[in-house]
Amino acid sequence: MARIGVISISDGRDHVHARNASFIQSKQDGLVASLRSAGHDVVVGRELVATNDLATSVAREVAAADVDVTVLYYAVWAFPHFTMLAADATRSPLVLVASTDPTEPGLVGMLAAGGALDQIGRSHVRAWGAPDDAELARRIGARATAAAAVSALRGSTFGRFGGRPMGMNTAVANTDQWMRTFGIDVEEIDQYELVLRAEKADAAEARAAREWIERHAAGVHYDGAKLTPELLERQIRSYLAIRDIIAERNLDFSGIKAQPELTENFATMDVTEAFLNDPYDWNGPKEPHVCATEADMDGALTMQLFKSVARTPVLFADVRHYHADRDIWDLCNSGQHATWYAARSDDPAENLAKVNFYPEVFFFPAGGASVQHIAAPGRMTLGRLTREDGRYRLQLMLGDFESYDAATNQELVDQSTPEWPHAFARLDAPGELFLSKFGANHIHAVPGDHREALRAVADLLDIRLDEWTRG
């Protein structure tokens, strides 16, 4: 989870602080215990802050522990200038938290401190409640999770294999803007390196991986032309090549153009992308590596943030079709869905038992396997970072993935491209609004409701939030 610093601010009068110290300590201990029970790593200031020197030195020590957020805690009336000094000694986002015990003026202390920070333009958020209040811990945790996700972007590297795909403007971002806004460097890598590396990749591992897929998948549907064992192994060797390049160049996330060069002359990247995004491969569990198809930069950036917040693989899809009669969206893209989404199980065999590998369709003459399944049902957070007039915005909504009886699923799949993976989504956004305002053809999703943390991400990045709900 996140690393949270906690510093309690006190009254600067010696006799008042002496009277209040045990009260403050008991409240702080309760808050720290609540945050730790929620799974967070908590760094506690070595002393309660009751002097100018302590305000600076304690804050610097907590900041040196590389915390994601700093909680300044107010159980009593506290001298506001201690907050100002502590805030100046840390660059982490601030959460001002007040105890709501009416026997002491903790709220007064927080409001005085918050007003002082407002006067100098130091951004912060405020929260209040009993120290053992689970809702208070959740709110602090959401802010810390967001801060950790934003912080993780800074100093990271995106590997961009190939250039703009098929004239797709929304897949290309300004690298200067990425560095300025997010702190991300972009490493440009020619797709030819992928081809060369794939040809030299470990043939024995590729064969073993193919056999592992054949054992566990619902079906590998060889047709002797568009999908053969040799073509599937070529796709696997592409995965091995990308895996090595990621390690050598220290890439944190990536995207592969693929179309049209690879898809017409080498093989599709569906298998490569699916297993990069998965939390496992034939060698066992691994960290998911965000990889966006069509080298979609803002798509990959969205996925990287979603992954950091949700700590799960992230779905990438086209907004393929709106079934207005059902109020259901078909989110479908050639093979990009991680196989994990088939059942969302920690056991790859359980997921792959619902996955079919079909010969690719006419779009991709080089052939290879598509990675087909229907995403398992459940509550989802969906959205994407898009740009309007050059400025970033986060378009965000809640939804549900649905699955139906076999006949209905097949009926819906057959209306688009049955060989590709599908997620049937009921979005908490009116269809007319979505189609009128959504800023890309790609959308992304993670299981659960993570809107609070993602709202905080938008706030910390100082980008506009467009959150859509019905009514």
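What's counted below: heavy atoms across the whole structure, side chains too, no hydrogens, waters or symmetry copies. All residue numbers in this chain count up from 1 along the given sequence. Here the structure is a predicted model, which means the values were calculated and not measured.
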Trainee: Do Leu301 and Leu153 touch side chain to side chain, with heavy atoms closer than 4.5 Å?
Mentor: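 SC-SC contact between Leu301 and Leu153 confirmed.
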Trainee: Is a donor on one side and an acceptor on the other found under 3.5 Å between the side chain of Arg36 and the backbone of Val42?
Mentor: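 At least one qualifying donor-acceptor pair exists.
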Trainee: Below 4.5 Å, heavy atoms only, C-beta onward: do Met269 and Leu194 meet side chain to side chain?
Mentor: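 When only atoms from C-beta onward are counted, Leu194 and Met269 do touch, with a gap below 4.5 Å.
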Trainee: Applying salt bridge (Lys or Arg N to Asp or Glu O under 4.0 Å), run through Glu135 and Arg139 and close with a yes or a no.
Mentor: CA-CA 6 Å; Glu135 176 63 17; Arg139 290 178 62 194; 5.3 Å; no
Trainee: Surrounding CG of Asp462 (heavy atoms of other residues, nucleotides or ligands, distance under 6.0 Å), is the total greater than 12?
Mentor: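 Open.
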Trainee: Counting only N and O atoms by type, is there a donor-acceptor contact under 3.5 Å from the side chain of Gln177 to the main-chain atoms of Gly390?
Mentor: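 Such a contact is found between Gln177 side chain and Gly390 backbone.
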Trainee: Between the side chains of His124 and Arg126, is a donor N or O closer than 3.5 angstrom to an acceptor N or O?
Mentor: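 Yes, because at least one side-chain N or O of His124 sits under 3.5 Å from a partner of the opposite role on Arg126.
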Trainee: How about Tyr239 and Trp282: are their ring centroids closer than 6.0 Å?
Mentor: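 Aromatic pair counts; centres sit under 6.0 Å.
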Trainee: Yes or no on salt bridge (Lys or Arg N to Asp or Glu O under 4.0 Å) for Glu187 and Arg160, after CA distance, side-chain angles and deciding distance?
Mentor: CA-CA 6 Å; Glu187 178 79 7; Arg160 185 172 181 244; over 6 Å; no
Trainee: Quick check: do His450 and Glu452 have side-chain heavy atoms less than 4.5 Å from each other?
Mentor: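 The answer is no; the side chains never approach within 4.5 Å.
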Trainee: Decide whether a cation-pi geometry holds between Arg154 and Phe182; the criteria are a distance under 6.0 Å from NZ or CZ to the six-membered ring centre and an angle within 45° of the ring axis.
Mentor: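 Arg154 over Phe182 ring: no.
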Trainee: Any chance CG of Asp346 has more than 12 other-residue heavy atoms, nucleotides or ligands included, within less than 6.0 Å?
Mentor: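 It does not: Asp346 CG has 12 such atoms or fewer within range.
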Trainee: Does this structure show an ion pair linking Glu402 with Arg326, if we count only N-O contacts that are shorter than 4.0 Å?
Mentor: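 Looking at Arg326 together with Glu402, the answer is no, because their closest N to O distance does not fall below 4.0 Å.
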Trainee: Could you check whether any side-chain N or O of Arg470 sits under 3.5 Å from a backbone N or O of Leu427, counting only pairs where one atom can act as donor and the other as acceptor?
Mentor: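 The answer is yes, because a donor-acceptor pair under 3.5 Å joins these two groups.
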Trainee: Are Phe357 and Tyr222 close enough that their ring centres sit under 6.0 Å apart?
Mentor: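 Between Phe357 and Tyr222, the centre distance exceeds or equals 6.0 Å.
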Trainee: Do Arg210 and Pro229 have side chains that get closer than 4.5 Å, going by heavy atoms?
Mentor: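 Answer yes - side chains close enough.
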Trainee: Does Gly129 offer a backbone N or O that forms a donor-acceptor pair with the side chain of Asp133 under 3.5 Å?
Mentor: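 No, Asp133 side chain to Gly129 backbone: no donor-acceptor pair under 3.5 Å.
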Trainee: Would you say Arg344's side chain and Pro377's backbone share a donor-acceptor pair under 3.5 angstrom?
Mentor: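 Indeed, once roles are kept as given, a pair shorter than 3.5 Å links the two residues.
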Trainee: Evaluate whether atom NZ of Lys286 has more than 12 neighbouring non-hydrogen atoms of other residues, nucleotides or ligands under 6.0 angstrom away.
Mentor: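 It does: Lys286 NZ has more than 12 such atoms within range.
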Trainee: Please determine if Arg197 and Glu248 form a salt bridge, counting it only when a charged side-chain N lies under 4.0 Å from a carboxylate O.
Mentor: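 Judged by the 4.0 Å cut-off on N to carboxylate O distance, Arg197 and Glu248 do form a salt bridge.
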Trainee: For the pair Thr145 (side chain) and Ala453 (backbone), establish whether a donor and an acceptor sit closer than 3.5 Å, ignoring hydrogens and angles.
Mentor: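 Not at all, since once roles are kept as given, no pair shorter than 3.5 Å links the two residues.
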Trainee: Are the side chain of Gln395 and the backbone of Gly439 linked by a donor-acceptor contact shorter than 3.5 Å?
Mentor: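 Pair found, side chain donor or acceptor close to backbone of Gly439.
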Trainee: Verify the ring-centre separation between Phe316 and His442: is it less than 6.0 angstrom?
Mentor: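 Centroid distance His442-Phe316: below 6.0 Å, so yes.
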Trainee: Look only at the side chain of His221 and the backbone of Ala369, and say whether a donor-acceptor pair between them is shorter than 3.5 Å.
Mentor: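 Absent.
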Trainee: Considering only heavy atoms from C-beta outward, does the side chain of Pro348 approach that of His216 to under 4.5 Å?
Mentor: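 No, every pair of side-chain atoms sits at 4.5 Å or beyond.
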Trainee: So that I know where these two stand, are Tyr74 and Trp128 an aromatic pair - ring centroids less than 6.0 Å apart?
Mentor: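 Aromatic pair excluded; centres sit 6.0 Å or further apart.
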Trainee: So Tyr280 and Thr339, do their side chains get closer than 4.5 Å, heavy atoms only?
Mentor: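 They are in contact (side-chain heavy atoms under 4.5 Å apart), so the answer is yes.
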Trainee: Can you label the angle between the Phe158 ring and the Phe253 ring as parallel, tilted or perpendicular, going by 30° and 60°?
Mentor: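 Geometry flag for Phe253 against Phe158: tilted rings.
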Trainee: Salt bridge between Lys27 and Asp132, side-chain N to carboxylate O under 4.0 Å?
Mentor: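 No salt bridge links Lys27 with Asp132.
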Trainee: Which atoms form the tightest heavy-atom contact between Leu331 and Ala425, and what is the distance?
Mentor: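 The answer is CD1-CB, 3.8 Å.
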Trainee: Between Trp329 and Phe434 (judged by ring centroids, cut-off 6.0 Å), do the two rings come close enough to count as a pair?
Mentor: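 Centroid separation for Trp329 and Phe434: below 6.0 Å.
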Trainee: Just wondering, more than 12 heavy atoms not from Asp325 lying within 6.0 Å of its CG?
Mentor: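 Enclosed.
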Trainee: Is there a side-chain contact between Phe401 and Leu315 (heavy atoms, below 4.5 Å)?
Mentor: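 A side-chain contact exists here, since the closest heavy-atom pair is under 4.5 Å.
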Trainee: Look at Arg379 together with Asp400 and state whether they make a salt bridge at an N to O cut-off of under 4.0 Å.
Mentor: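 Yes, Arg379 and Asp400 are salt-bridged.
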Trainee: Please check if the side chain of Ser345 supplies one atom and the backbone of Asp347 the other of a donor-acceptor pair under 3.5 Å.
Mentor: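 Answer holds: yes.
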Trainee: With a 4.5 Å limit on heavy-atom distance, are the side chains of Asn356 and Val220 in contact?
Mentor: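 Not touching, per the 4.5 Å side-chain cut-off.
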Trainee: Any sub-3.5 Å donor-acceptor pair from Asp252's side-chain atoms to Thr157's backbone N or O?
Mentor: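 Yes, Asp252 side chain to Thr157 backbone: donor-acceptor pair under 3.5 Å.
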Trainee: Centroid-to-centroid, Phe306 to His444, below 6.0 Å?
Mentor: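 So the answer is no for these two rings.
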